[in-house]
Amino acid sequence: MDAGILRDLIPDIGSLVNRAVPPAANVEGAAYQQRLVGMIISLFQRQTEPILLLLEDIHWSSESLEVLKVLSGIVKELPLLIVATYRQDERPNLPDELPLLQVMHLERFPREHIAALSVSMLGETAHQEQLIDLLTRETEGNVYFLVEVVRVLAEEAGRLSEVGRKILPERVLAGGIQNIIQRRLERVPQEGRPLLQLAATTGRELDLDLLKQVKGTVDVEEWLTICSNCAVLEVHDGKWRFAHNQLRLATLEALTKEVERDLHRQIALAIMKVYADIPEHALSLAQHWRAAGDAEQERLYAQKAGEHALRINNFAEAIPLFERALELTPAGQDARAARADLLVKLGEALQYTGNYDRALEHVQEGLALWRVLNEAAGAGKALNLMGDLAWRQGNYAEAHQVCEEALRLCRQAGDQRGVAKALNRIGMVQQEQGKYDEAHTYFSESLAVAEAQNDRQSMTDAINNLGVMNFSQGNYDKALEYFEQTLAIARSTGERRKAAAALLNLGGVAGAQGAFERASGYLTETLGICRSIGERRGVALALHNLGTVAYDRKDYAAALPYLEESLEISRAIGNRLGEAQTLAGLGDVMRAQGSGGEARLVYRQALAIADKAQIVPMMLTILVGLAEVTPDYTESIPWLALVMAHPATPQHRRDEATTVLDRLSAELNMAETQMLVERGKALELDTVMREILG
């Protein structure tokens, strides 16, 4: 009889049981359903062996779900394990219909699991970052979507083994995924779709404050609940967002260009109302006004966004924003001031990425416009930046001259920030040429001007450089005090570039004091910041100092790659000071490894660069290393004596020269050594350079 009841579900049951199965008595309606369910339950109850019941995609079930409801009530009494799968996004309330079953929520695959599944499907060709990036972006770990995307890629490639061997598309539109996406979106009631379109315009994550400004008559809380039940929206990390980015993209793709422009305009106006002039929202406003087709508003907010990016040292973002603002700025006479301002700011952003030639080109164009307009403050700012560029490339005479003119114009215009900047940069020029008293005077005056204006950004420059000067003279405790003060101010103002500079210098102090672990920590943090903001000069400096720490620890194998990468960057950006000091560092490593001949060649290269740029402290530093690998004591000992007597020698190099001199003089008698030392004290540095370099 049981077999007869099952004939409606399994028409060929007779073949399966190998006997004739007559049909069961005819019943209809609820009686038929009850008889069928009862028979299936009875069948399970009669089993004595353990049974694993696997049910897939039960979100599609309707009447047949009744069997599962009854079985779940008696499953504890039976040798039965039921495992059923369903898609939460297709039927989110299904657990409420089966309250006796335990729900096991399976999370989406993380990237590493996507990679593993891809390899299992595609083989070794799946070991490609671009392919994994595509699968992660398109599927977000949804296994069904993953299988669909791979299927489409295989169809386009011809076979599975060819996936990834050809150029990958930006997006993959799999039919199965499109059907699921469209089915979900259609569940959203008609009156809730305009708000969904506005939400999609803002991005994947919802800004409820904005949506409440554009909601019209829609109840936002009720709308969120409905969209969640339709599996279109979800809460992730406490914030509402589209359940999958494909849902957002599909919503946008259904819009006409005219409707899309209007939505972007609505959102832009809402941002302006909700967030007023908060600079963090300028980039979003620039993007929305561009999509809305409003060039003037886009220009305004592209510039504001660029200024904010520059202020927080996000140079890679600032550059294209300033370029876009310039593109949208009219070429007429009325826009000359706006163009000049943008050109100088673009030059500043380019400077910090090491693009000195392009930076100078833009700054000079901006300066020319400011001069035509007879704007002293604008011209002073441009000249200060040109002084920065000259200083960064070791062109000290030019940097000094340009900054003196900037100082005059900024004083004329009453631009105190420009005054502080010019004074600080002239001080840096003096310091790097070993003129410490003059440098101290400029730094102190710069700090006084900044403090009078409570200009914390300018204060950090002067304070940091006073620290550098004290460090070079061996006053480590005072230097440490200045650097810690710089770091605190930079972090409070959010200037990551200046924070990196302070950390770099703190690492230098720690290294000089033999605290190598602490030094490495500071320098590694510096390197991370500079890489993240694209400050190539800072990257080169951090790498050089990490190489120096490794050298001081006698880990020469670790020092070399740091120094070699630093040298490559310094050469690429035209930083002569960086190139000279890193070549000197490489010479130190070669000397320590016993390659005296190679070290001499490298030291001479470094010395030639430092001499041409007249970087006096660096010239004296290199002389110490060169003296140690020069076998002729009549040359090396006088050089060391010159270094020890010269007022521009950094204190730690003076100490090093003393140590080397003591070691070399042990080979000679006292009278001979004293004679050579006295000869060295009388030497002129320029004369020694001519003798060495020819």
**Q** Are more than 12 heavy atoms from other residues, nucleotides or ligands located less than 6.0 Å from atom CD of Gln102?
**A**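 Atom CD in Gln102 is not crowded, with 12 or fewer foreign heavy atoms closer than 6.0 Å.
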**Q** Do Leu350 and Asp357 have side chains that get closer than 4.5 Å, going by heavy atoms?
**A**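 Not touching, per the 4.5 Å side-chain cut-off.
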**Q** Where do Glu307 and Asp341 come nearest, in terms of heavy atoms and distance?
**A**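 Here Glu307 and Asp341 meet closest at OE2-OD2, 4.2 Å.
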**Q** Do the side-chain N and O atoms of Arg193 and Gln190 include a donor-acceptor pair separated by under 3.5 angstrom?
**A**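 Result is yes, a qualifying pair exists.
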**Q** With rounding to the nearest 0.5 Å, note down the distance linking CD in Glu298 to CG in Asp294.
**A**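 Here the rounded value is 8.5 Å.
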**Q** Is Leu233 close to Ile226 at the side-chain level, that is, under 4.5 Å between some pair of heavy atoms?
**A**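 No, too far: nothing below the 4.5 Å cut-off.
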**Q** Step by step, work out the side-chain contact (heavy atoms from CB on, under 4.5 Å) result for Tyr352 and Arg497.
**A** CA-CA 9 Å; Tyr352 291 127; Arg497 182 181 63 83; 3.2 Å; yes
**Q** CG of Leu71 to CD1 of Ile41: how many Å apart, nearest 0.5 Å?
**A**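 Reported to 0.5 Å precision, the distance equals 3.5 Å.
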**Q** Are any of the side-chain nitrogens in Arg496 or Glu535 under 4.0 Å away from the carboxylate oxygens of its partner?
**A**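 Salt bridge: no.
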**Q** Within a reach of under 6.0 Å around CG of Asp277, are more than 12 heavy atoms found that belong to other residues, nucleotides or ligands?
**A**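 Open.
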**Q** Which label fits His288 and His264: parallel for a plane angle under 30°, tilted from 30 to 60°, or perpendicular past 60°?
**A**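 Plane angle between 30° and 60°, so tilted.
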**Q** Treating Lys498 as the side-chain partner and Gln457 as the backbone partner, does any N or O pair qualify as donor plus acceptor under 3.5 Å?
**A**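 Checked: pair present.
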**Q** Evaluate the criterion salt bridge (charged side-chain N to carboxylate O under 4.0 Å, His left out) for residue pair Arg183 and Glu186; output intermediate values, then yes/no.
**A** CA-CA 5 Å; Arg183 190 161 58 244; Glu186 288 173 355; over 6 Å; no
**Q** Rounded to the nearest 0.5 Å, what separates atom CG in Leu342 from atom CZ in Arg299?
**A**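 Rounded to the nearest 0.5 Å, the CG-CZ separation comes to 7.5 Å.
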**Q** With a 3.5 Å cut-off and no angle check, do the side chains of Thr493 and Glu495 form a donor-acceptor pair?
**A**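 Per modelled atom types, Thr493 and Glu495 side chains form a pair under 3.5 Å.
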**Q** Please lay out, stage by stage, how Arg111 and Glu129 fare under the test salt bridge (charged side-chain N to carboxylate O under 4.0 Å, His left out).
**A** CA-CA 11 Å; Arg111 181 183 173 87; Glu129 288 299 313; 2.6 Å; yes
**Q** Where is the tightest heavy-atom contact between Asp96 and Pro99, given as atom of each residue plus distance?
**A**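 So the two residues come closest at O-CD, 3.6 Å.
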**Q** More than 12 heavy atoms of other residues, nucleotides or ligands under 6.0 Å from CD of Glu56: yes or no?
**A**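 Incorrect, the count does not exceed 12.
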**Q** Tell me whether Glu348 is salt-bridged to Lys345, with the criterion being a basic N under 4.0 Å from an acidic carboxylate O.
**A**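 The answer is no: the pair does not qualify as a salt bridge.
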**Q** If we ignore hydrogens and angles and just use 3.5 Å, is the side chain of Thr524 paired with the main-chain N or O of Gly521 as donor and acceptor?
**A**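 Checked: no pair found.
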**Q** In this structure, which one of Asn314, Ile319, Asn313 forms a side-chain contact (heavy atoms from CB on, under 4.5 Å) with Glu317?
**A**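 Going through Asn314, Ile319, Asn313 one by one, the side-chain contact (heavy atoms from CB on, under 4.5 Å) with Glu317 is satisfied by Asn314 alone.
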**Q** Are side-chain heavy atoms of Ser118 and Leu131 found at a separation under 4.5 Å?
**A**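 No. Closest side-chain heavy atoms not under 4.5 Å.
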**Q** Is any side-chain heavy atom of Asp133 closer than 4.5 Å to a side-chain heavy atom of Thr136?
**A**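 They are not in contact (no side-chain heavy atoms under 4.5 Å apart), so the answer is no.
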**Q** Return the minimal non-hydrogen interatomic distance between Arg241 and Leu206, and the atom names on each side.
**A**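 Distance-wise, the nearest heavy atoms are CA-CD1, 3.8 Å.
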**Q** Looking at residues at least two apart in the chain, or sitting in another chain, which of them share a ring-ring contact (aromatic ring centres under 6.0 Å, His included) with Tyr356?
**A**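 Counting only residues at least two positions away or on another chain, Tyr356 forms no ring-ring contact (aromatic ring centres under 6.0 Å, His included).
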**Q** Hey, is CD on Gln47 packed in by over 12 heavy atoms from elsewhere, all under 6.0 Å?
**A**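 Buried by this count: over 12 neighbours within 6.0 Å.
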**Q** Would you say that Trp289 contacts Leu300 through its side chain, given a criterion of any heavy-atom pair below 4.5 Å between the two side chains?
**A**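 Of all side-chain heavy-atom pairs linking Leu300 with Trp289, none is under 4.5 Å.
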**Q** Is the side chain of Arg248 donor-acceptor paired with the backbone N or O of Ala200 at a distance under 3.5 Å, no angle test?
**A**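 Yes, the answer is positive, given that a donor and an acceptor are paired below the 3.5 Å cut-off.
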**Q** Identify the heavy atoms of Ala325 and Ala302 that sit nearest to each other, and give their distance.
**A**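 Looking at all heavy atoms of both residues, the closest pair is CB-CB, 4.2 Å.
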**Q** Are side-chain heavy atoms of Val75 and Ile82 found at a separation under 4.5 Å?
**A**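 SC-SC contact between Val75 and Ile82 confirmed.
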**Q** Can you check side-chain contact (heavy atoms from CB on, under 4.5 Å) on Glu260 and Thr201, steps first, answer last?
**A** CA-CA 8 Å; Glu260 188 175 359; Thr201 305; 5.8 Å; no
**Q** Would His59 and Tyr86 count as a ring-ring contact (aromatic ring centres under 6.0 Å, His included) if you check the C-alpha gap in whole Å, the side-chain angles of each, and the deciding distance to 0.1 Å?
**A** CA-CA 5 Å; His59 49 272; Tyr86 81 106; 7.2 Å; no
**Q** Can you tell me if CG on Asp219 sees more than 12 non-hydrogen neighbours from other groups inside 6.0 Å?
**A**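 Atom CG in Asp219 is packed in, count exceeds 12.
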**Q** How about NZ on Lys273, more than 12 heavy atoms from neighbouring residues, nucleotides or ligands closer than 6.0 Å, or not?
**A**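 Open.
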**Q** Would you sort out whether Arg531 and Glu565 count as a salt bridge (charged side-chain N to carboxylate O under 4.0 Å, His left out), showing the intermediate values?
**A** CA-CA 13 Å; Arg531 286 199 194 278; Glu565 186 180 354; 3.2 Å; yes
**Q** So, for Leu98 and Lys69, which heavy atoms are closest and what is the spacing to 0.1 Å?
**A**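 For Leu98 and Lys69, the tightest heavy-atom pair comes out as CD2-CG, 3.5 Å.
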**Q** Rounded to the nearest 0.5 Å, how far does OG1 of Thr329 lie from CZ of Phe322?
**A**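 Separation between the atoms: 11.5 Å.
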**Q** To the nearest 0.5 angstrom, please state how far the NZ atom of Lys76 sits from the CD1 atom of Ile74.
**A**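 Going from the NZ atom of Lys76 to the CD1 atom of Ile74 covers 13.0 Å.
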**Q** Would you give the length of the straight line joining atom OG1 of Thr251 to atom CG of Leu198, rounded to the nearest 0.5 angstrom?
**A**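 Rounded to the nearest 0.5 Å, the OG1-CG separation comes to 11.5 Å.
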**Q** Quick one: are Ile271 and Ser284 in side-chain contact, heavy atoms under 4.5 Å?
**A**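 Yes - at least one pair of side-chain heavy atoms lies under 4.5 Å apart.
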**Q** If I compare all heavy atoms of Ala335 with all of Pro330, which pair ends up nearest, and what's the gap?
**A**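 Taking Ala335 first and Pro330 second, the nearest heavy atoms are CB-O, 3.3 Å.
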**Q** If you define the side chain from C-beta out and look only at heavy atoms, does anything of Arg184 sit under 4.5 Å from Arg187?
**A**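 A side-chain contact exists here, since the closest heavy-atom pair is under 4.5 Å.
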**Q** Can you run down the salt bridge (charged side-chain N to carboxylate O under 4.0 Å, His left out) pairs that involve residues 202-215, sequence neighbours left out, and say none if there aren't any?
**A**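 Salt bridge (charged side-chain N to carboxylate O under 4.0 Å, His left out) check on residues 202-215 returns Glu140-Arg204, Glu205-Lys239.
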**Q** Determine whether a donor-acceptor pair (N or O, by modelled atom type, separation under 3.5 Å) exists between the side chain of Ser228 and the backbone of Leu224.
**A**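 Not a single qualifying donor-acceptor pair exists.
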**Q** Can Gln266 and Asp262 be counted as having a side-chain donor-acceptor contact under 3.5 angstrom?
**A**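 Note: Gln266 and Asp262 side chains meet the donor-acceptor criterion.
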